[in-house]
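Dropping a structure here in structure tokens format, bear with me for questions.
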There are 2 protein chains.
Amino acid sequence: MPKVYAEFMAIVNTLENHYKDMQDMEFTIEDGKLYFLQTRNGKRTVQAALKIAVELVEEGMLTQKEAVMKVEPKQLDSLLHPNFDTEELRKSEIIAKGLPASPGAACGKIYFSAEDAKERHEAGEKVVLVRLETSPEDIEGMIAAEGILTVRGGMTSHAAVVARGMGRCCVAGCGDIKVNEEARNFKIGKTIYNEGDYISMDGSTGNIYAGAIKTVEPEISGYFEILMGWADGIRSLKVRTNADTPRDAAQAVKYGAEGIGLCRTEHMFFDADRIMGIREMIVAKDEASRRVALDKLLPMQREDFVGIYEELKERPATIRFLDPPLHEFLPHADVDIKELAIDMGITFEELKATVESLHEFNPMMGHRGCRLAVSYPEIAEMQTRAVIEAALDVKTRKGYNIVPEIMIPLIGEIKELKYVKDIVVRTADKIIAESGTDMKYMVGTMIEIPRAALTADLIATEAEFFSFGTNDLTQMTFGFSRDDAATFLKHYYEKKVYEFDPFQKLDQTGVGKLVQMAADLGRKTRPNIKLGICGEHGGDPRSIGIFNKIGLDYVSCSPYRVPVARLAAAQAQLRLHGGEKNK
Amino acid sequence: MPKVYAEFMAIVNTLENHYKDMQDMEFTIEDGKLYFLQTRNGKRTVQAALKIAVELVEEGMLTQKEAVMKVEPKQLDSLLHPNFDTEELRKSEIIAKGLPASPGAACGKIYFSAEDAKERHEAGEKVVLVRLETSPEDIEGMIAAEGILTVRGGMTSHAAVVARGMGRCCVAGCGDIKVNEEARNFKIGKTIYNEGDYISMDGSTGNIYAGAIKTVEPEISGYFEILMGWADGIRSLKVRTNADTPRDAAQAVKYGAEGIGLCRTEHMFFDADRIMGIREMIVAKDEASRRVALDKLLPMQREDFVGIYEELKERPATIRFLDPPLHEFLPHADVDIKELAIDMGITFEELKATVESLHEFNPMMGHRGCRLAVSYPEIAEMQTRAVIEAALDVKTRKGYNIVPEIMIPLIGEIKELKYVKDIVVRTADKIIAESGTDMKYMVGTMIEIPRAALTADLIATEAEFFSFGTNDLTQMTFGFSRDDAATFLKHYYEKKVYEFDPFQKLDQTGVGKLVQMAADLGRKTRPNIKLGICGEHGGDPRSIGIFNKIGLDYVSCSPYRVPVARLAAAQAQLRLHGGEKNK
């Protein structure tokens, strides 16, 4: 049918030229007549998407800006993480499904405690850590695991957030499995999976598979670098990363991070050799003993910052002071309290009394963040000393021009910020003066409490920058705890009361209004105030669009989301200035 | 010195005429020359203050408006509660001091459990209930006690709020006493006070005394009624009450309440004969079994509302639907769970699993309020039925024109309100249609979640009234839990970061801004929207000034604060329109 074929080719060319993209077309030929039923942009792997976009520019069919719009940012995830072997995956059976909490594919033997996971990992096994939910004490087991599977918790549970930060595969809130921690197994329906059995998991879909499925490492092609270069030329939002270690910082810089937007100093204290120092501080009865304990932590904390400043070279780093409630550093089960009391050389009763005195009804809204520094100014002093001394050291040795950014968390009231800032400034100025060199530094605050956003004009009289902590801001604006919300949010989705998880995609109507208000009020007081965002939303393409519109200076996200954020920021900028798209 | 005396009398007259008040003056005479050192309004008991104010009007020295400004609203508290005999008090020793959580004087024998307090009260003893902190399960012991003393918790802890509601004396957060619940005693320093020992307590000062001090009942004079009448003529804010029982409603009406602003329906479920019904509902595995349990609760709940509507006559009542997290209705200690499981005819494991499944990290921000109605619409159905059937019953029997006001708590999003309102409307309309009579009713919402305030223009498309729940709104705007804040707020006061407790006096800068915003946005959508406030602030004179300025329609407070609120509302109105003061 040469006539029909010629007609077909002409239409195909018209369609591809019109859509400027590879087309997935349906057609039929009846009685020698050609009917086109449908056309749409063809689905493709991210590798293919990058190649097509770049080649279409080379062919002169697309502008660079158009090419940047052709790749879905979320697709980049699969470029940065292992994936399952397609053949093996096809033959595997899904045994359970949870939330796709941190992308990537993993397989390993299941273990039910962080200790076991760490031990088996060190013995050379690939392990998957299975927990009801994780807590900061599980951190070493999480590092040791290929993947983390939790029964409870949502997309912003401890497991999910930490796993994304580490680029570790995680499936959370997998209520299908019934864990029996004592028997060291879990049950799905009637099947029992014992400690040491292999499972495989896909953190991009939430699927859990029985047995081991081969994984393949991703390949980053030259097309990726080319397209990301174009994106960087377009975007106006800078992209920083949330990183707490020199290793994370290095990883993020490799992915294009322009600095650290959130360095959570408490994560440095959970290491086995450091947690003792903070525990001693917690059980200390007076300021003098607290200072003794803090003095032990100082060199370790300083060393972390030295490592980070060295990795970042002159890129900026926002360092957040101690944030979590202190009970997170202590065990809660009597058996663990007993053991620790012996290690610390105090009585069980004494330690138990401390643990109990730290009990809170609603720890999320308890004694944490800057409230710790108001109660115990010596903590802020030690942390200031560690930051400033580290910066001076790297500056002197390497010649980098470092401007430390110290961030006070959980501020709700200007006097609270002023109180803590005064401690920081007094300590920092003294150290700098004694050093004989000169160094600028900045003090700013998280905006994560509704009252801080509402009074941002006052807060900005003291704060040199704002970083929106949209996780907590979302919790308090909606009045629900992200750790608890999963149980009732499922009813909300079923009944179409909510259409999306506000912890994943910024709620523009409510939380977005507060962010906009705070940005406006902050700029009114301090026109050049630096504005960023360091919540989970910093890596979400749809939320990045909102932040770009509000005119923030940067978003900060976990290292593995940096490329996603760079591309999303470029697309957001192109959408905002639609008219410029074809220039 | 007749010349000096004449001069003295002239000055005295000038001063008293100028200040239009009794003066407390300091003067000296040196070398025959008169020096006036100081003058200020003389201190007086509330009885004297009322008498002086009314008599000065009768003498033509003050206008009624000026007289209304002469009495400190908080002083009225002591008119409505027992006071200590002045002579005996003078000889008594203060042994400890806590927070003045609910005014009045009390003395009684100390008991350490609600059961003991109730039993000894029924045996004819006067008792003081001493608890680390109270929970809803203690309610009967609290009713039985003359006074309630807690070790933990602030001015807005459970003990404090419930005690104020009942007009019961309470001292909270008295950390001076070390309770040993097993030994049934408490220690202050080295002195031990055993079960059955007498103590006395002053809920207006927070003072605790050893032994029994005689109390005297207050006397309400005619002057009180006269001055309150003038205040009522001046104020523009209406004053309602927070009341959950016909008895509280009657008490509040006696004190001048113009309706109920907050009827907490859950309090009705804590009664021994009703809690079983709600517990059955909680352990129910499906909707059908939940409905069976709810059917048992319906007649009891309806009966409560009948009693309330009868007491109120045609005064309005805002009835709030079930608010607390469900775990509050279940025991938490294994021994209690075992006992209850037997009573309920289910296994310990089953009940324990239910209790555990209801555990939340931050219950304040958990599965409560309207979230319960979204998950279990049948609860809202039963409550609607109880309200509407009760109103129809009283309307038919008594001929009152009742317009039920149904309030949905913890709304954060318009679709959430619409979902629950649809259930209410569907149920109510059906019952009214079947009754053959006609009755109007209103559906509104609490504004207690920051997001509700921020999106009040949307919320008002469905809500016919707003009632500001300033307790929760303060918690979420500041990001601290009122149950936990005491531990760190003390450092805030010491360091002058905060000057007052935002749970007692409304924070005008932050929370007040949200209230103002919500009022403006609500009126924009629905110009005649009814606006009230039912948080603890409704009884605080300084906060009432803020609400009057924002232009709310009413404040609602506990019955014993109604006179305080009436007077404070009049004074606020006079201050707002200063120019009219002397008319």
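This structure is a prediction, so every number in the text was calculated from the model and none was measured. What you see below is based on every heavy atom in this structure, not just the backbone, and it leaves out hydrogens, waters and symmetry mates. Chain letters run A, B, ... following the sequence lines, proteins first, then strands; residues in each count from 1.
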Would you mind telling me which of A:Gly366, A:Gly412, A:Ala485 has the largest number of heavy-atom pairs within less than 4.5 Å of chain B?
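It is A:Gly366.
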Salt bridge (charged side-chain N to carboxylate O under 4.0 Å, His left out) contacts touching residues 476-492 of chain A (sequence neighbours left out):
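Output for this query is empty, none listed.
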Shortest non-hydrogen separation from B:Ile411 to B:Cys370 and the atoms involved
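That closest heavy-atom pairing would be CD1-SG, 3.7 Å.
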Output the option from B:Glu448, B:Met364, B:Lys495, B:His359 having the highest count of non-hydrogen pairs under 4.5 Å with chain A.
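Result: the option with the highest number of such pairs is B:Lys495.
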Side chain, backbone, both or neither: which part of A:Phe478 has a heavy atom under 4.5 Å from chain B?
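For A:Phe478, the contact with chain B is made by backbone and side chain together.
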Distance-only side-chain donor-acceptor flag, A:Glu416 / B:Tyr492, under 3.5 Å
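On atom types as modelled, these side chains qualify, holding a pair under 3.5 Å.
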With side-chain contact (heavy atoms from CB on, under 4.5 Å) as the criterion, how do B:Glu536 and B:Ser543 come out once you've worked through the C-alpha distance, each side chain's angles and the decisive distance to 0.1 Å?
CA-CA 10 Å; B:Glu536 285 285 306; B:Ser543 309; over 6 Å; no
Among residues two or more places apart or on two chains, list those pairs meeting salt bridge (charged side-chain N to carboxylate O under 4.0 Å, His left out) that have a residue in residues 466-479 of chain A.
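Listed by first then second residue: A:Arg368-A:Asp472.
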Evaluate the side-chain contact (heavy atoms from CB on, under 4.5 Å) criterion for residues B:Phe321 and B:Ile379: first the C-alpha distance (whole Å), next the side-chain angles of each, then the deciding distance (0.1 Å), finally the verdict.
CA-CA 9 Å; B:Phe321 277 10; B:Ile379 301 179; over 6 Å; no
Name the option with the most non-hydrogen atom pairs under 4.5 Å to chain B; the candidates are A:Leu372, A:Leu489, A:Asp507, A:Ile414.
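Greatest number of close heavy-atom pairs with chain B: A:Asp507.
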Report the option among A:Met517, A:Glu494, A:Lys513, A:Arg371 that has the most heavy-atom pairs separated by less than 4.5 Å from atoms of chain B.
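The option with the most such pairs is A:Arg371.
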Region of B:Phe480 in contact with chain A, defined by heavy-atom distances below 4.5 Å:
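Both backbone and side chain.
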Could you name the residues of residues 452-460 of chain B that have a heavy atom within less than 4.5 Å of a heavy atom in chain A?
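From residues 452-460 of chain B, the residues near chain A are B:Leu454, B:Thr455, B:Leu458.
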Could you pull out the closest heavy-atom pair between B:Ala159 and B:Thr150, with the gap in Å?
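Looking at all heavy atoms of both residues, the shortest contact is CB-CG2, 3.5 Å.
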Please say whether more than 12 non-hydrogen atoms of neighbouring residues, nucleotides or ligands are located less than 6.0 Å from CD in A:Gln508.
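No - once you tally the heavy atoms of other residues, nucleotides and ligands closer than 6.0 Å, there are 12 at most.
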B:Lys496 versus chain A, the contacting section by heavy-atom distance below 4.5 Å
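Only the backbone of B:Lys496 comes within 4.5 Å of chain A.
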Answer with yes or no whether the side chains of B:Asn471 and B:Gln475 bring together a donor and an acceptor at under 3.5 Å.
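Judged by distance alone, the side chains do not pair up.
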Do any of residues 497-505 of chain B come closer than 4.5 Å to chain A, heavy atom to heavy atom, and if so which ones, in number order?
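At a heavy-atom separation under 4.5 Å, chain A is reached by B:Val497, B:Tyr498, B:Glu499.
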For A:His327 and A:His332, run ring-ring contact (aromatic ring centres under 6.0 Å, His included): C-alpha distance rounded to whole Å, both residues' side-chain angles, the deciding distance at 0.1 Å, then the answer.
CA-CA 8 Å; A:His327 76 86; A:His332 294 93; 5.3 Å; yes
Compute whether any side-chain donor of one residue and acceptor of the other, for B:Thr134 and B:His158, lie under 3.5 angstrom apart.
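B:His158 and B:Thr134 do have a side-chain donor-acceptor pair below 3.5 Å.
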Do B:Leu506 and B:Thr470 touch side chain to side chain, with heavy atoms closer than 4.5 Å?
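The answer is yes; the side chains approach within 4.5 Å.
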Can you confirm whether the side chains of B:His367 and A:Thr487 place a donor and an acceptor under 3.5 Å from each other?
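B:His367 vs A:Thr487: no donor-acceptor pair found between side chains.
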